[in-house]
Amino acid sequence: MQSPNNQDFFLSTKFWHLVGHTSQVSSSGAYFLVPIHDVEIVVYRFKDHIRAFQNTCPHRGAKFFSDTSGCSPVVCPYHGWSFGDHNKVSIPLYKTFNSSPVDPRSASLKYWQGNIVAGFIFIAFDPLYCLDLQLGDSVISLLESIGSSIHSLYSFNAFEFQSNWRIAVENSLEAYHVSLVHSNTLAKLGIDYGANTLFDWSSILHHYVSNKRVSSSLKLAQRFLAHPPPISDYCSIYIFPFSSLSSTFSIGFSLQNYFPSHSLASLNTCQ
């Protein structure tokens with residue numbers, strides 16, 4: 001991997017990123033793509049475990065997958081090289097490489113590190129800290145209470161917009177804009193500006209819901225949950241640098257990632 005000399009690349013490779021939940025890759029061969037700065041990562045379910053690797057074949061660099069998610073073997077569409085668990089490589093017409101000084105069967109996927117906390121999938125390339133240290137005990141405890149209550153992905157959206165990713169993250173952490181920008185949605189809750197608990201590389205932000213009718217309806221809906229609701233207000237968990245996980249009364253959970261985009265070679269673009 002090349003290393004452009006900029007801060008966004010450093011943050012992309014040196015920290016853990018919350019990218020999804022195991023329910024998104026519940027069957028063997030299921031995958032989804034994660035674009036982080038100038039690389040595209042595949043989160044993939046092999047038979048026994050989940051791995052993360054770059055979406056490029058080590059032979060000639062072709063992309064394995066073009067769809068953002070799906071279920072398929074890891075097969076390069078350019079030359080048909082296929083990759084299985086534990087770096088098993090299948091090469092069509094292998095005898096054509098007899099004169100090669102390097103055995104092509106030694107080719108390996110470009111793996112990223114992976115870690116799972118109560119179903120939440122974290123990936124990192126070369127992290128500065130272990131995941132427990134980056135998250136902290138309070139965030140891990142809350143994630144553990146949330147993760148067991150998630151069983152499926154309801155919807156997924158991805159788009160590129162012109163903004164420095166720092167502004168996008170800051171926007172997600174303050175409620176001052178809610179009454180105007182989200183007047184027909186989030187503002188209906190009547191949330192206050194919130195109480196934020198800060199940790200070294202994360203934070204937990206709780207907002208009181210003042211709309212009594214909405215609050216009563218949400219509390220009623222909580223009775224139908226299979227697990228005790230870990231959140232009984234509007235809560236947002238920020239995980240440095242790009243991730244935010246939020247929920248209203250544990251009815252549903254929303255993961256937002258503000259990854260810097262490399263496509264326009266600008267610090268003022270994120271996705």
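- Between Ser236 and Ser172, the closest heavy-atom pair is OG-O, 4.5 Å.
- Considering all non-hydrogen atoms of both residues, Ala30 and Ser26 come closest at CB-N, 4.5 Å.
- By the criterion of side-chain heavy atoms lying less than 4.5 angstrom apart, applied directly or through intervening Ile, Leu, Val, Met, Phe, Trp or Tyr residues, Leu143 is not grouped with Val25; the two fall into different hydrophobic clusters.
- Heavy atoms from other residues, nucleotides or ligands lying under 6.0 Å from CG of Leu198 number more than 12.
- Every pair passing side chain to side chain donor-acceptor pair (under 3.5 Å) that includes a residue from residues 222-234 is listed here, sequence neighbours excluded: His206-Asp233.
- Proximity of Leu173 to Asn196: side-chain heavy atoms (C-beta onward) are nowhere separated by under 4.5 Å.
- Residues Ser12 and Phe242 are in side-chain contact: their nearest non-hydrogen atoms beyond the backbone lie under 4.5 Å apart.
- The CG atom of Asp38 sits 10.5 Å away from the CG atom of Asp8 when rounded to the nearest 0.5 Å.
- With hydrophobic clusters built from ILVMFWY side chains whose heavy atoms lie under 4.5 angstrom apart, Tyr154 does not share a cluster with Phe159.
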Quiz item: Under the side chain to side chain contact (heavy atoms under 4.5 Å, CB included) criterion, do Ser149 and Leu225 qualify, and how do the steps go?
Solution: CA-CA 8 Å; Ser149 65; Leu225 298 178; over 6 Å; no

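- One finds the CG atom of Leu153 at 14.0 Å from the NE2 atom of His151 (value rounded to the nearest 0.5 Å).
- Within the 4.5 Å cutoff, the side chain of Ile237 has no heavy atoms near those of the Leu18 side chain.
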Quiz prompt | Phe249/Val209 under side chain to side chain contact (heavy atoms under 4.5 Å, CB included): CA gap, chis, key distance, verdict | solution = CA-CA 10 Å; Phe249 279 71; Val209 177; 3.7 Å; yes

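- Cluster annotation: Phe15 and Ile116 are assigned to the same hydrophobic cluster (Ile/Leu/Val/Met/Phe/Trp/Tyr, side-chain heavy-atom contacts under 4.5 Å, transitive).
- Residue Leu142 holds its CG atom at 5.0 Å from CD1 of Ile204, rounded to the nearest 0.5 Å.
- A donor-acceptor pair under 3.5 Å is formed between the side chain of His21 and the backbone N or O of Ser23.
- Here the side chains of Ile146 and Phe120 are in contact, with some heavy-atom distance below 4.5 Å.
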Could you go through residues 127-135 and list every donor-acceptor pair under 3.5 Å that involves a side-chain atom there, pairing it with any protein atom two or more places apart or in another chain?
| from | atom 1 | to | atom 2 | distance (Å) |
| --- | --- | --- | --- | --- |
| Gln134 | OE1 | Trp16 | N | 2.9 |
| Gln134 | NE2 | Trp16 | O | 3.1 |
| Gln134 | NE2 | Phe240 | O | 3.0 |

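- A continuous path of ILVMFWY side-chain contacts below 4.5 Å connects Phe199 to Ile231, so both sit in one hydrophobic cluster.
- Applying the salt bridge (charged side-chain N to carboxylate O under 4.0 Å, His left out) rule to pairs touching residues 12-25 yields Lys14-Asp126, sequence neighbours excluded.
- Legend: residues meeting salt bridge (charged side-chain N to carboxylate O under 4.0 Å, His left out) with Asp103, ordered by chain and number and at least two apart, are Arg105.
- One distance of note links CG of Leu245 with OG of Ser243; it measures 9.0 Å at 0.5 Å rounding.
- To the nearest 0.5 Å, atoms CD1 (Ile191) and OG (Ser210) are separated by 9.0 Å.
- In this structure, NZ on Lys212 lies 13.0 Å from OG on Ser217, to the nearest 0.5 angstrom.
- His86 contributes no side-chain N or O that, together with a main-chain N or O of Gly84, makes up a donor-acceptor pair within less than 3.5 Å.
- Residues passing the salt bridge (charged side-chain N to carboxylate O under 4.0 Å, His left out) test with Lys63, sequence neighbours excluded: Glu40.
- Qualifying salt bridge (charged side-chain N to carboxylate O under 4.0 Å, His left out) partners for Asp48, counting only residues two or more places apart in sequence or in other chains: none.
- Using a 4.5 Å heavy-atom cutoff, the side chains of Ser163 and Tyr258 are not in contact.
- Residues Leu255 and Gly20 approach most closely at CD2-N, 3.7 Å, considering heavy atoms.
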Practice problem: Go through Asp85 and Lys47 one step at a time and tell me if the side chain to side chain contact (heavy atoms under 4.5 Å, CB included) criterion holds. | Solution: CA-CA 8 Å; Asp85 204 0; Lys47 180 182 292 186; 5.6 Å; no

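- Considering only residues two or more places apart in sequence or on other chains, Ser108 meets the side chain to side chain donor-acceptor pair (under 3.5 Å) condition with Asn87.
- Members clustered with Tyr44: Tyr31, Leu33, Val42, Phe46, Phe53, Phe64, Phe65, Val74, Trp81, Phe83, Val89, Ile91, Tyr94, Phe97, Leu109, Tyr111, by chain and number, using a 4.5 Å side-chain heavy-atom cutoff among hydrophobic residues.
- By the rule that hydrophobic residues join a cluster once side-chain heavy atoms approach within less than 4.5 Å of another member, Leu189 and Tyr208 end up as members of separate clusters.
- Contact check for Phe259 versus His37: no side-chain heavy atoms found under the 4.5 Å cut-off.
- In this structure a side-chain-to-backbone donor-acceptor pair under 3.5 Å is present from Asp192 to Gly194.
- Applying the salt bridge (charged side-chain N to carboxylate O under 4.0 Å, His left out) test to Lys188 and every residue at least two apart in sequence or in another chain returns nothing.
- A donor-acceptor distance shorter than 3.5 angstrom exists from the side chain of Thr13 to the backbone of Phe9, with no hydrogens or angles considered.
- Between Gly252 and Ser247 the shortest heavy-atom distance is O-OG, 2.7 Å.
- Atom CD of Glu170 is surrounded by 12 or fewer heavy atoms from other residues, nucleotides or ligands within 6.0 Å.
- Qualifying ring pair (Phe, Tyr, Trp, His ring centres under 6.0 Å) partners for Tyr238, counting only residues two or more places apart in sequence or in other chains: none.
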Quiz prompt | Working for side chain to side chain contact (heavy atoms under 4.5 Å, CB included), residues Ser27 and Cys71 | solution = CA-CA 8 Å; Ser27 58; Cys71 188; 4.2 Å; yes

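- Using a distance-only test at 3.5 Å, with no hydrogens or angles considered, a donor-acceptor pair links the side chain of His177 to the main chain of Glu174.
- Cys57 has its side chain out of reach of Tyr78: every pair of non-hydrogen atoms, C-beta onward, lies at least 4.5 Å apart.
- Not counting sequence neighbours, Ser203 has no partner by the side chain to side chain donor-acceptor pair (under 3.5 Å) test.
- Among all heavy-atom pairs drawn from Val214 and Asn211, the shortest one is N-OD1, 3.0 Å.
- Smallest separation of non-hydrogen atoms from His207 and Ala175: CE1-CB, 3.8 Å.
- Through direct or relayed side-chain contacts under 4.5 Å between Ile, Leu, Val, Met, Phe, Trp and Tyr, Tyr193 connects to Tyr176.
- Side-chain contact between Val34 and Asn257: absent, with no pair of heavy atoms (C-beta onward) separated by less than 4.5 Å.
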